[in-house]
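It should be emphasised that the depicted structure is a prediction, and the values quoted were computed from it without experimental measurement. The figures that follow rest on heavy atoms only: side chains count, while hydrogens, waters and symmetry mates do not. Chain letters run A, B, ... following the sequence lines, proteins first and then strands; every chain starts at 1.
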Amino acid sequence: MNASIVFLTSGLFLGWSLGANDAANIFGTAVGTKMIRFKTAAIISSIFVVIGAVVGGAGTSSTIGKLGEINQLPGAFVVALSAALAVFVMTKTGVPVSTSQAIIGGIVAWNFFAAKPTDGALVRKIVATWIICPLLAALFAIILYIIVKFLYKKLPTHIIMQDEIMRLLLIITGAFGAYSLGANNIGNVMGVFINSSPFEPKHIGFITISSEQILLFLGGIAIAIGIATYSKKVMLTVGNDIFKLSPATAFVTVTAQSLVLFIFSSEGLNNILTSLNLPNIPLVPVSSSQAIVGAVIGIGLVKGWRNLRFGILGKISIGWILTPIIAGLICYILLFVMQNLFLRQVF
Amino acid sequence: MKIYRSKIIEQNIDIYINLVITASLIFEEGLKSYIMENKESFANHLKDMDRIENDADKLRKGIEHRIYSKMLIPESRGDILGLLENLDNVINTSKQVIFSFDIENPAIPKALKPSIIELIEQNRKAGDSLANAVTYYFRNSELTTNETEKVFFYEHEADKLETGIKRKIFSDESLELSHKIHLRFFIEKIASFSDCCEDVAERILISTIKKEI
């Protein structure tokens, strides 16, 4: 059991780096512009990210589990580690990189290595969500921006009261964002371990906690630790250097991003769509960074084309292709090393 | 509790804007009393102006302290504090002008009185529009530009009147050169009130653009 937990460390590390980086997408502007204290942001996002992971994380984790039924812990360890390494390499190039894309590359490489078939239809669905994610975030941001601007015009409020209302809204949308981040991105962190979980179900009184829920909880805690220990620097960078949003536009972008993440992880919403005979939304981990870039571009479109830097779109598209390929290559090599050098069964 | 805290600051800002309006009115009425040689009324306006300047100072410092200590409006805090300090200049200028009249006691030739009164009125109008612009800046910035435009208009009118009066002074051969220079100093002093209003209006315009979401 203890040796098994060592193999979870790559997933937990992935969770830590997700917390350190992606919490900035939720609270970066609010903390950077001093609307919300870092301590408040860290507490709220840590709590809601764990709730999101445990309550709403099953959908995306199971999709990841279906794409590659990684049945050995060393194999899952390598897939998560290669995703983390790929994210590290791509981040150095300045591309808004996605853990989701890296983990998919790793899983497909594991399928190749283990000579298991890859569900082509599922891969196509997942790739489609990568493209749809920033577009949908842009669309939501445009709609929300128009609504917020309309409300600013129609409901004139004193500047001091506006400030108080905006702080409250940033906290509420930040909590929603953290929940959605936990629910959607926990699949990246723990999805590959679902089929090789080292835990047994636990019974506490009348409640039974499944092995999957224990994994999701651990992943959530790893993300929360990432937020508490390392996200402050990233938040201040995002808040002050990269986007330079006003609190109102920050509210719009964070809400748009959170809605996208929520849509791609909500089993409840999918059940409603099914009951209405509408097509299902695939429950897939998507990139919160690319969603927020999409949302910022959406606001840029409403404000005027001239404000836009189209280069960033090119960088995102490069990320879609390069991240999974790099992660896949690293994964294939590491699987070979793990199997032949460390003599561990990886499938 | 936070809503209550905001309400107090809002009320204090409103009171401060009212003090600007009152200072502008005392500026007008006090100077008119001086020109119409109503000494008792002028003395009363002097006292009122002194009290208002003191009250405005205390209130402004209180607002600034609260905004900083409670970490309010971090995005536009600098703009708002700058705006309040510039508004303080408007009140200070009105006090300085009225006190200069009291100290130096300039003799106003009868022929100039109507033009000077008109100059005073244009300056007061600039002060009124400025107070409206500030109110809109805090509550509904969509309407701010209408009022700042009025400030610019009245300042321009005041400039034209100022030049006209100075020409009249220096073309009047019955006046001593020292008297002419003394009068010119006071005409420029009166007109400095609307110049001050113009400076604040320009600040408001920029802050309004920055505030747009």
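A 4.5 Å side-chain heavy-atom check between Met161(A) and Lys7(B) finds at least one atom pair inside the cut-off.
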Which atom pairs, one a donor and one an acceptor, fall under 3.5 Å between side chains of residues 119-128 of chain B and the rest of the protein, sequence neighbours left out?
unit_1    : atom_1 : unit_2    : atom_2 : d
Glu121(B) : OE2    : Lys32(B)  : NZ     : 3.0
Asn123(B) : OD1    : Ser194(B) : N      : 2.8
Asn123(B) : OD1    : Ser194(B) : OG     : 2.9
Asn123(B) : ND2    : Leu119(B) : O      : 2.8
Arg124(B) : NE     : Glu28(B)  : OE1    : 2.8
Arg124(B) : NE     : Glu28(B)  : OE2    : 3.4
Arg124(B) : NH1    : Asp128(B) : OD2    : 2.7

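The part of Ser76(B) that comes within reach of chain A is its side chain, from C-beta onward, which places non-hydrogen atoms under 4.5 angstrom from that chain. Contact of Glu142(B) with chain A is made through the side chain alone, with heavy-atom distances under 4.5 Å.
Crowding of Lys113(B) atom NZ: a count of heavy atoms from other residues, nucleotides or ligands under 6.0 Å exceeding 12. Within 6.0 Å of OH in Tyr230(A) there are 12 or fewer heavy atoms belonging to other residues, nucleotides or ligands.
Checked against Ser6(B) for a side chain to side chain contact (heavy atoms under 4.5 Å, CB included), the options Ile165(A), Ile160(A), Asp163(A) give a single hit: Ile160(A).
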Subject >> Working for side-chain contact (heavy atoms from CB on, under 4.5 Å), residues Ile13(B) and His158(A) >> reply: CA-CA 10 Å; Ile13(B) 290 173; His158(A) 198 283; 4.0 Å; yes
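If you tally non-hydrogen atom pairs under 4.5 Å between each of Arg37(A), Gln162(A), Lys153(A) and chain B, the highest count goes to Lys153(A).
Residue pairs that meet the salt bridge (Lys or Arg N to Asp or Glu O under 4.0 Å) test with at least one member in residues 95-106 of chain B, sequence neighbours left out, are Asp50(B)-Lys95(B), Glu53(B)-Lys95(B).
To the nearest 0.5 Å, atom CD1 of residue Ile73(B) and atom NZ of residue Lys34(A) are 14.5 Å apart.
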